[in-house]
Structures are given as C-alpha cells and as structure tokens.
Novice: 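Quick one: the structure is below, and I'll ask about it shortly.
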Amino acid sequence: MTMNYSFLIPSLLILVLIMGYYFFRPRLPIRLNRSFLAILTIDICTEIFEAISSRLHETCSEHAPWLLWLFGVLFFFFYFSRAYMFFVFTISILDARGISRSRLHVFTPVVYYFCALLALTSPFTGWLFRVENGYQKGPVYFLFYVCCIAYILFSQLAAIRHRKELTTHEFISISAIQAILLVGIVVRALVPNWLVMNTFCLMAIIVIFLSFLNPDLYMSERGYVYNLPAFQALVSECVRRRRPCRILAFALQNYNEHREIFGGAQMDEALVAINRYLADSFRQMSPFYLRNGFYALVGQNLPDLDVLRDSISLRFASQWKTSNGELRMTVAFVEADTEILDCPADRLVNALFLSLDELGRASDADSSRSLTDSIEQITERLEIRRCLEHALDHDELEVFLQPIVDTVSGKRIAAEALVRLRDGQGKIIRPDLFITLAEREGYIARLGEQVLSKVCRFIHDHDMDAMGVRWINVNLSPLQFMSRDIPDRFTAILRQYGVSTDRIHLEITEQSMIDFSLMRDQIMDLHSSGFEFALDDYGSGYSNLTRVRRYPFTNIKIDMEVVRNYYRDRDPLLPALIQAFKKMKFTITAEGIETADMAEAVKEIGCDYLQGYYFSRPVPMPEFAAM
C-alpha cells in the first residue's frame, strides 16, 4: 500500500514555524505553556516517526526487521502520548482557572499507561502490531482509535462539567479542538493510507495557540513586560501548586497627577521606557505592568530584595527621557512571599493592589511595605462581607436606638436608629467598617431598606406617644440616592406598616452634600412625600449656609467634635452659628454630650435637642422600649 505524504510535510513545516515563534516571544513559566510545548514536541516527533515508519513499510524488504520494530514502537508510543497531551492541555486550562481536580482527572492516565505499555511490548506480544512483510495489525489494533476517542470524550466531559467556570470563548474553543480531533480520527480510519491525521492535529494546535497561548494575550500593550492577566495566572499557579515565589511590586507615586500634568502621551512614553528597563535589567525574573503605574517582579530565586529595591530606586532617582521632555518619578515598594503568606491567590492579588494603591497616593509613604498587613485587611473585609450578606439574606441586621432629649423638658423626645452587625462569635463589628463595605460592594440600598423596615415595625408594634417619642431619625447614605425609585420604595415600606411619614426623619451627613446636584431631586421628592430631613455631623465637612438653605432641612445636628471643642474653649463661633440657624427656622441638636456640664453649656447657647452617652448609649430596640 502506497502512503500519501502530501499532508504530512506541510504540517510538519508549520509546526516547526509555530515552535520557533513560540521560543522567540516571551512566555510565562506556567503549566499551560509547558503543556503546549509538550504538545508541539510530541506532535513533531509523532509526524517524524510516522513518516519514517510509513516509508519503512513501503520498502520493508530493504531493511532489517528490528528497524521496523523500533520505529513502529516509537510511532505508536508518541501517537498515544499526543492524544493524552491534548487532554492534559484541557486540564491545564481548567487548572489555570482554579478548578480543582476531579476523580476523572485521576483516572484518565490509566488509559494512556495501558496503551503505551501495549506499544512498548508489541515486539514481544504482537498485540498492537506485528512485522510481517511490513506492518500488520494486531488483535487489539482498534485501541489505536479508542485511545484518541477516549481522551476526546474525557476533555469534552471536563469542559461541560466546568462550563460555568469557563468563559463562552474558552468553552467553544475547547469544544472546537475536540471536534477537529474527532474528525481527524474518523478520516484516518476511512483512508488510513493518507497521513491526514497530522493536519487535523495541526488545526487543533492553531486553535489552541490563537485562543489560549498567543503571547500577545499576556503582553503589556506598551511592550516588553507582561500584563495583569499574566500576573494573575502566574501567581495563581504558584499558590495553587504551592510553588514558592517572591514578589517585589512597586507603585509610581502620584501617577494620576503626573498623567494629568504631563499628558497621556508623555506618560505612555515613560511607561514604555520603564518596561524596557525592567525587561533588560531583570532577565532572571518575570516583570509585569499591572495598571495605574503599578509594577511587579516575580521569581522563584530572586536575589536579595534590598539589592533589587536599591537598584530600582537608584534608576528612578534619574529622569526618564521622552520626546516632549524629561520626567522624574518616585516609587514605593511592596514585597511578598507566597510561601509565607499562605492565602488564596485572588486575596493575595487584591491585597497587593490595596497596598500599591495606598502607597501610590501617599507622597510621604514608606519606601517599603510587607504584604502581610494588607492580607489581614482583605481577610477581615471578606469576613465582614460574609457576615453582611448573611444578615441581609436572613433579616438579621440589628437596629439600636439612642434617645434624643429635649432641652426644655429634659425628657427624650425622639431617637436615632443606628444599624449594628455581629460577626460569627456574636461580637459587634464596627459600623464604619461594614457600612463602608456595603457602600463599596453595592449592599447599601438593601441595608438601608432593612433598617427602615425594622424601625417602622418598631413604631407599629409600640405606643410611641406613651413612650414620649415623636419621631425616629434614620440615616441615609448618599449612594442610596443613586436609585431613582427611592421615594416610592420608602413610601411603600411605611405604608406596609401603617406608619406616618412624620414619624420618620431622614438624616444626611454633611460630607454627602458636596455634590448636591446628584441628590437634590431625590431629596425634594422624598420631602414632597412627607419625610422631614436632618443634616447630620454639621461642622465635619465642607457645607455652607447657602448650600444648607437649598435643602428642606428642619434640623441641624452639630458634630460631636465641634461640641467638644466649644465646651473646652468656649469659642464664640458656635453660638453665633446656632443663632444664625435659629433665625433660618432650623432646630438644633448637639451630638456627643457626655456630661451634665456639656449639656448645660450647649443648652445655654440655644440648642433644642441633646444626644450622647450622658443620656444613653445606643441600645437594642427592646431595651429602648423598656427604658
């Protein structure tokens, strides 16, 4: 039987070209790249040994039998290895996405080991093939096809099982690879004398290269160094495989200000120069440009970090030349050791960015910082988020009430609602921590509505007049005003519990009024629905009397620090400010009252209401009702 080599030679040449390009471009030291290199190497060997063994088969009478046995064994061994390596590459993709190994991954090598053993022992058993006037099929030759089909099915099953963890592009690419290989097997079975299977393998390799391993996917758009996805992939693999590596990251301080002053084009030129410097100066490491002026160097055997820091600092002490002039920038460093930190990769990366962001914005930052503190912050933040999500999902946020006292009667006349969150041990988490997280993570609207619902339920379940409580203040975050339907939602909550709007006063902090155009329409809509507003923490922000008058406030709450400063120094500014507010028909609440003398001092300058620990700390609702 004459073999058709017309498909084999071009495939082999293209493979060699891809391998040359692969070695020419920078590549990350990750399993995905190593798997691809193994596929290339094994596929080239398979094609070479297939060509040699096919030629020996055609000219068998001219060669010694042992030569046919040798190249026949080598061909079958590499053929089975190629089928297995395509599967290993699929697993490498899943592994790079942090998908844990399943029992399927543990079982699948058995098929390869069995088939490879058959190939190696065929000269003694003749089960897979035998040499008689050329090559002849053995009794289990069908495994030649079964092995490939099995690994195609294993790969596709693994992709389907983890479909949710893969992007649509990744899933389609993996499926396309398996489809191409399956068609190649079928064509090989139909026309065995055409060496066409290698062409289909080449097609699969090209899909792999374009979809997963194109070096440009991992290179910074400014050249020379890797980008953020590459950094995440390398760190994830180091952490997941417990392969120790050290990270030295640094931030260009005041990067955004430099970009505004010197312009984007000049800063981009400087970044290209920095990229080139890192790539040329630290060849034993992998350099990365992350974003916003953040860089990182990663390596397993880094030299002394002090030497690295000194070298980089010395270079940044000089100017960076661009076509439009010269730039001088300062840097601050963060160092990490994945073996010491022992935390998930995503947490390590988040902590690194947290540290770099803080150092990048602080012109007087320390020259170096360990990542350990930031890891602890990230861990604490994740625990707080878990507790917050649980409390929101199970309606377990607590609302404490702190009384507001009338200066004339000395009796409580109202209260302020303060939200509380407990951790897994029942300890109260600092409000500034979980409220800030709720604002940043998008939970603040749910949090605010749950607090309002609990306050309305308390009003519905208790005789407020008998308790002497006319209204309860509920705090609003400025981010809640991003929701256009907030007036309708708040009104619906009050209607659900049969609570009148005059029982609820909404508090807005002074700091949230900086961009009043964002909030004014919402506040006016709420006011037209019957809600009254109090301005909280006056004196702690940037508001002025003109801006205050543009809002429908009825009460001004003086910040506790302003009250304490007045009590200590008796500055005439606060009495004059209060009198100005009184003339504008505002009522005044003094916060942070801790002693009887403080209460008397602010009462004398015209405050209408008092609030502070002197009267009561914030207490749970049942305790407030029993006071």
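Note that these values count all heavy atoms, side chains included, but never hydrogens, waters or copies made by symmetry. Remember, predicted model here, so these are calculated numbers, not experimental data.
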Novice: Are any non-hydrogen side-chain atoms of Val225 and Ile274 less than 4.5 angstrom apart?
Specialist: no
Novice: Taking salt bridge (Lys or Arg N to Asp or Glu O under 4.0 Å) as the definition, give me every residue that meets it alongside Glu237, ordered by chain and number, with sequence neighbours left out.
Specialist: Arg34, Arg243
Novice: To the closest 0.5 Å, what do you measure between CG (Leu388) and CZ (Arg446)?
Specialist: 8.0 Å
Novice: Quick one, Val349 with Phe231, criterion side chain to side chain contact (heavy atoms under 4.5 Å, CB included). Give me CA distance, side-chain angles, the key distance, then yes/no.
Specialist: CA-CA 9 Å; Val349 174; Phe231 177 76; 4.1 Å; yes
Novice: Check for me whether the distance between the ring centres of Tyr141 and Phe144 falls short of 6.0 Å.
Specialist: yes
Novice: Could you work out, with side-chain contact (heavy atoms from CB on, under 4.5 Å) as the rule, every residue matching Asp268, not counting sequence neighbours?
Specialist: Arg222, Arg259, Leu271
Novice: Is the shortest heavy-atom distance from the side chain of Leu308 to the side chain of Phe282 under 4.5 Å?
Specialist: yes
Novice: Rounded to the nearest 0.5 Å, how far does CZ of Phe262 lie from CE of Met329?
Specialist: 8.5 Å
Novice: Checking Gln253 side chain against Leu359 main chain: does a donor-acceptor pair fall under 3.5 Å?
Specialist: yes
Novice: To the closest 0.5 Å, what do you measure between SG (Cys147) and CD1 (Ile185)?
Specialist: 9.0 Å
Novice: Are Tyr289 and Glu221 side-chain neighbours, meaning at least one heavy-atom pair lies under 4.5 Å?
Specialist: no
Novice: Run the numbers on Phe76 and Tyr79 for ring-ring contact (aromatic ring centres under 6.0 Å, His included), then give the verdict.
Specialist: CA-CA 5 Å; Phe76 279 102; Tyr79 177 88; 7.1 Å; no
Novice: List the residues meeting side chain to side chain donor-acceptor pair (under 3.5 Å) with Asn33, not counting sequence neighbours, and say none if there are none.
Specialist: none
Novice: Contact between His258 and Met267 at the side-chain level, heavy atoms closer than 4.5 Å - yes or no?
Specialist: yes
Novice: Which heavy-atom pair separates Leu248 from Phe333 by the least distance, and what is that distance?
Specialist: CD1-CD2, 4.0 Å
Novice: Does Glu50 come within less than 4.0 Å of Arg188, counting only side-chain N to carboxylate O?
Specialist: yes
Novice: Atom OH in Tyr255, atom OG1 in Thr330: separation rounded to 0.5 Å?
Specialist: 14.5 Å
Novice: Enter the distance from Met203:CE to Asn198:CG here, rounded to the nearest 0.5 Å.
Specialist: 13.0 Å
Novice: Can you list every ring pair (Phe, Tyr, Trp, His ring centres under 6.0 Å) pair that touches residues 309-328, not counting sequence neighbours?
Specialist: Phe250-Phe316, Tyr277-Trp320, Phe316-Trp320
Novice: Return the set of residues passing side chain to side chain donor-acceptor pair (under 3.5 Å) with Gln136 (not counting sequence neighbours), or none when no residue passes.
Specialist: none
Novice: So, for Pro29 and Leu234, which heavy atoms are closest and what is the spacing to 0.1 Å?
Specialist: O-CD1, 3.9 Å
Novice: Side chains of Val88 and Arg31, heavy atoms from C-beta outward: is any pair under 4.5 Å?
Specialist: yes
Novice: With no hydrogens and no angle check, do the side chains of Ser53 and His57 hold a donor and an acceptor under 3.5 Å apart?
Specialist: no
Novice: So do the side chains of Ile205 and Phe200 get within less than 4.5 Å of each other, counting heavy atoms only?
Specialist: no
Novice: For a quick check under 3.5 Å, do Ser11 and Glu47 share a side-chain donor-acceptor pair by atom type?
Specialist: no
Novice: Applying side chain to side chain contact (heavy atoms under 4.5 Å, CB included), run through Val307 and Asp310 and close with a yes or a no.
Specialist: CA-CA 5 Å; Val307 175; Asp310 292 344; 5.8 Å; no
Novice: Report, as yes or no, whether the 6.0 Å neighbourhood of atom CZ on Phe114 holds more than 12 heavy atoms from other residues, nucleotides or ligands.
Specialist: no
Novice: As a quick check of understanding, evaluate side chain to side chain contact (heavy atoms under 4.5 Å, CB included) for Met197 and Cys201, giving each step before the final call.
Specialist: CA-CA 6 Å; Met197 178 62 185; Cys201 289; 3.8 Å; yes
Novice: List, one per line, each side-chain donor-acceptor pair under 3.5 Å for residues 173-182, sequence neighbours excluded.
Specialist:
unit_1, atom_1, unit_2, atom_2, d
Ser173, OG, His169, O, 2.8
Ser173, OG, Ser211, OG, 3.0
Ser175, OG, Gln156, NE2, 2.9
Ser175, OG, Phe171, O, 2.9
Gln178, NE2, Ile174, O, 3.3

Novice: Between Ser220 and Asn275, is any pair of side-chain heavy atoms under 4.5 Å apart?
Specialist: yes
Novice: Donor-acceptor pairs under 3.5 Å, side chain of residues 36-43 to any protein atom, not counting sequence neighbours: which ones?
Specialist:
unit_1, atom_1, unit_2, atom_2, d
Thr41, OG1, Leu37, O, 2.9
Asp43, OD1, Arg82, NH1, 2.6

Novice: Are Glu389 and Arg386 close enough for a salt bridge, meaning some N to O gap below 4.0 Å?
Specialist: no
Novice: Please confirm whether Phe49 and Phe75 have ring centers closer than 6.0 angstrom.
Specialist: no
Novice: Locate the shortest heavy-atom distance separating Gly72 from Tyr135; write the atom from each residue and the value.
Specialist: N-OH, 3.3 Å
Novice: Do the numbers put Arg291 on top of the ring of Phe353, so that NZ or CZ is under 6.0 Å from the six-membered ring centre and no more than 45° off the axis?
Specialist: yes
Novice: Can you name the side-chain contact (heavy atoms from CB on, under 4.5 Å) partners of Thr168, sequence neighbours left out?
Specialist: Arg163, Ile172
Novice: Among all residues two or more places apart in sequence or in another chain, which pass the salt bridge (Lys or Arg N to Asp or Glu O under 4.0 Å) test with Arg315?
Specialist: none
Novice: With no hydrogens and no angle check, do the side chains of Tyr224 and Asp280 hold a donor and an acceptor under 3.5 Å apart?
Specialist: no
Novice: Is the Tyr112-Phe80 ring centre distance short of 6.0 angstrom?
Specialist: no
Novice: As an exercise, state the distance from CD1 of Ile52 to CG of Leu70, rounded to the nearest 0.5 Å.
Specialist: 9.0 Å
Novice: What pair of heavy atoms forms the shortest contact from Thr322 to Ala270, and how long is it?
Specialist: CG2-N, 3.9 Å
Novice: So that I know where these two stand, are Phe129 and Trp69 an aromatic pair - ring centroids less than 6.0 Å apart?
Specialist: yes
Novice: Where do Gln266 and Glu326 come nearest, in terms of heavy atoms and distance?
Specialist: NE2-N, 4.2 Å
Novice: Mind checking side-chain contact (heavy atoms from CB on, under 4.5 Å) for Cys60 and listing every partner two or more places apart, or none if nothing turns up?
Specialist: Leu68, Asn133
Novice: Could I get the full list of side-chain contact (heavy atoms from CB on, under 4.5 Å) partners for Ala230, not counting sequence neighbours?
Specialist: Leu28, Tyr218, Tyr226, Asn227, Phe288
Novice: Using side-chain heavy atoms (C-beta onward) and a distance below 4.5 Å, is Leu94 in contact with Ile91?
Specialist: yes
Novice: Specify the closest pair of heavy atoms between Gly299 and Met285, including all atoms of both residues, with the distance to one decimal.
Specialist: CA-CG, 4.4 Å
Novice: Which pairs count as side chain to side chain donor-acceptor pair (under 3.5 Å) when at least one residue sits in residues 115-130, sequence neighbours excluded?
Specialist: Arg130-Glu132
Novice: Assess the residue pair Arg381 and Leu437 against the criterion (side chain to side chain contact (heavy atoms under 4.5 Å, CB included)); give the C-alpha distance rounded to whole Å, side-chain angles, the decisive distance to 0.1 Å, and a yes or no.
Specialist: CA-CA 8 Å; Arg381 185 182 300 171; Leu437 184 142; 3.2 Å; yes
Novice: Establish, yes or no, whether a centroid distance under 6.0 Å links the rings of Phe89 and Phe86.
Specialist: no
